[in-house]
Amino acid sequence: MTQAEEPRLERVVVLEGGISSEREVSLLSGRGVKEALASKGLEVESWDPAVDSVGGLEEGAYDAAFIALHGALGEDGSVQGLLNCIGLPYTGPGVTASAIAMDKELTKNIWRANGISVPAGVRLTAAASDAELERAIAEFGADGVVVKPGHDGSSIGVTKLDRDALSLHSLRAALNAAAERDAAEVLVEEYIHGREFTVAILDGKALPVIEICAPEGSYDFQNKYYTDVVRYECPAKLPEASAKALAAACEKAFAVLGCRGWSRIDALERADGTFALLEINTSPGMTPHSLVPMAARAVGLSYADLCLRVLGLARTDIA
């Protein structure tokens, strides 16, 4: 099968679960995708790398794989490489784009080099000296800082310190908390106190912009998946020119990383009305609280039709 051909879709496998900190979210996503694809008449099975053998993927005679894995070994290029090796078309970006997108700092560097605005910040480890932390406070802490693991998702391990709460002691504690999730790399970035948005990209094109209105700006793991306190505006209430500018920036951000299929990009609005792109999620959530299905509904695409559309974009890296 060449990259230009549409995969035959009769018997498919949904990859879910995994071993990352986002396992439970992945299982929720997988459940929804399986039910949706089955409702469209497809024969659907599941594969969980935490409990199932690789042989099951090879012996399953599947036409395509829907990756509903999140986090390490699920959207970092690892399982994508495996699927390339066995010739099974899969959803989302390929190995290189997935690996780059999982590295938040590398992603920012590529976006910055291509004229895409990102937050200012620095990459540190848990072993950072007091002098390095003081330098980060001086350079990026005028309005506070955000501390996050360099390779994790779903806001796990993220600490926001506003200007009044920022000190050497609080920054050290936040650094240590993030390092528990990612010992190799922690990002300390400027705290942009602005409206929060997310943009789903489907086959290279942006779906309607969503504004995330979280209580006190706390769009954390709990509020993302297990409460109903967050309000969403879709389409976001933005001037038309601003919405188009954000959508165009996200389409460019998707393209310059070499992504294909689908993804979701998070952004913040600065005080001057411009946008800073935060990160890209190459295997977006598909839970009842997830945002890509919300954006798809705004253009008349049901959850089940979205799943089928994403699956129809399944490819391998091998032409």
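- Residue Ser29 is tested with His70, Glu16, Glu24 for a side chain to side chain donor-acceptor pair (under 3.5 Å); the sole match is His70.
- Summarising the hydrophobic clusters (Ile, Leu, Val, Met, Phe, Trp, Tyr; side-chain heavy atoms under 4.5 Å, direct or chained), the residues clustered with Ile192 are Leu268, Leu278.
- Side-chain atoms of Thr91 come within 3.5 Å of backbone atoms of Ile67 as a donor-acceptor pair (strictly under, hydrogens ignored).
- In this structure, Ser283 contributes its side chain and Leu69 its backbone to a donor-acceptor pair below 3.5 Å.
- Side-chain atoms of Asp63 come within 3.5 Å of backbone N or O of Glu10 as a donor-acceptor pair.
- Not a single donor-acceptor pair under 3.5 Å links the side chain of Thr274 to the backbone N or O of Arg270.
- When hydrophobic side chains of Ile, Leu, Val, Met, Phe, Trp and Tyr are connected at separations under 4.5 Å, Leu73 ends up clustered with Ile19.
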What side-chain donor-acceptor pairs closer than 3.5 Å can you find for residues 298-313, not counting sequence neighbours?
| from | atom 1 | to | atom 2 | distance (Å) |
| --- | --- | --- | --- | --- |
| Ser302 | OG | Asp305 | N | 3.1 |
| Ser302 | OG | Asp305 | OD2 | 3.2 |
| Tyr303 | OH | Val33 | N | 3.3 |
| Tyr303 | OH | Met286 | O | 2.8 |
| Asp305 | OD1 | Lys40 | NZ | 2.5 |

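- Between the side chain of Ser170 and the backbone N or O of Ala165, at least one donor-acceptor pair lies under 3.5 Å.
- In this structure, the side chain of Arg11 engages the main chain of Gly60 through a donor-acceptor pair within 3.5 Å.
- In plain terms, the two heavy atoms of Ile265 and Ala253 that are nearest each other are CD1-CB, 3.9 Å.
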Test log, rule salt bridge (charged side-chain N to carboxylate O under 4.0 Å, His left out), inputs Glu211 and Lys237: CA-CA 8 Å; Glu211 181 175 4; Lys237 294 177 181 177; over 6 Å; no

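- Following chains of ILVMFWY side-chain contacts shorter than 4.5 Å, one can reach Phe140 starting from Val186, so the two form part of one hydrophobic cluster.
- Between the side chain of Lys108 and the backbone N or O of Ala120 there is no donor-acceptor pair closer than 3.5 Å.
- Residues Ile116 and Val209 fall within the same hydrophobic cluster, defined by Ile, Leu, Val, Met, Phe, Trp and Tyr side chains chained together at heavy-atom separations under 4.5 Å.
- Among residues at least two apart or in separate chains, ring pair (Phe, Tyr, Trp, His ring centres under 6.0 Å) pairs with a member in residues 243-279 are Phe66-Trp262, Phe197-Phe275.
- Residue pairs that meet the salt bridge (charged side-chain N to carboxylate O under 4.0 Å, His left out) test with at least one member in residues 113-138, sequence neighbours left out, are Arg123-Glu185, Asp130-Arg172.
- The salt bridge (charged side-chain N to carboxylate O under 4.0 Å, His left out) pairs that include a residue from residues 74-96 number zero, where partners must be two or more places apart or lie in different chains.
- Residue Glu190 holds its CD atom at 12.0 Å from CD of Glu139, rounded to the nearest 0.5 Å.
- Looking at Lys148, its side chain never comes within 3.5 Å of a backbone N or O of Thr159 through a donor-acceptor pair.
- By the 4.5 Å heavy-atom criterion applied to side chains, Val122 and Leu187 are not counted as neighbours.
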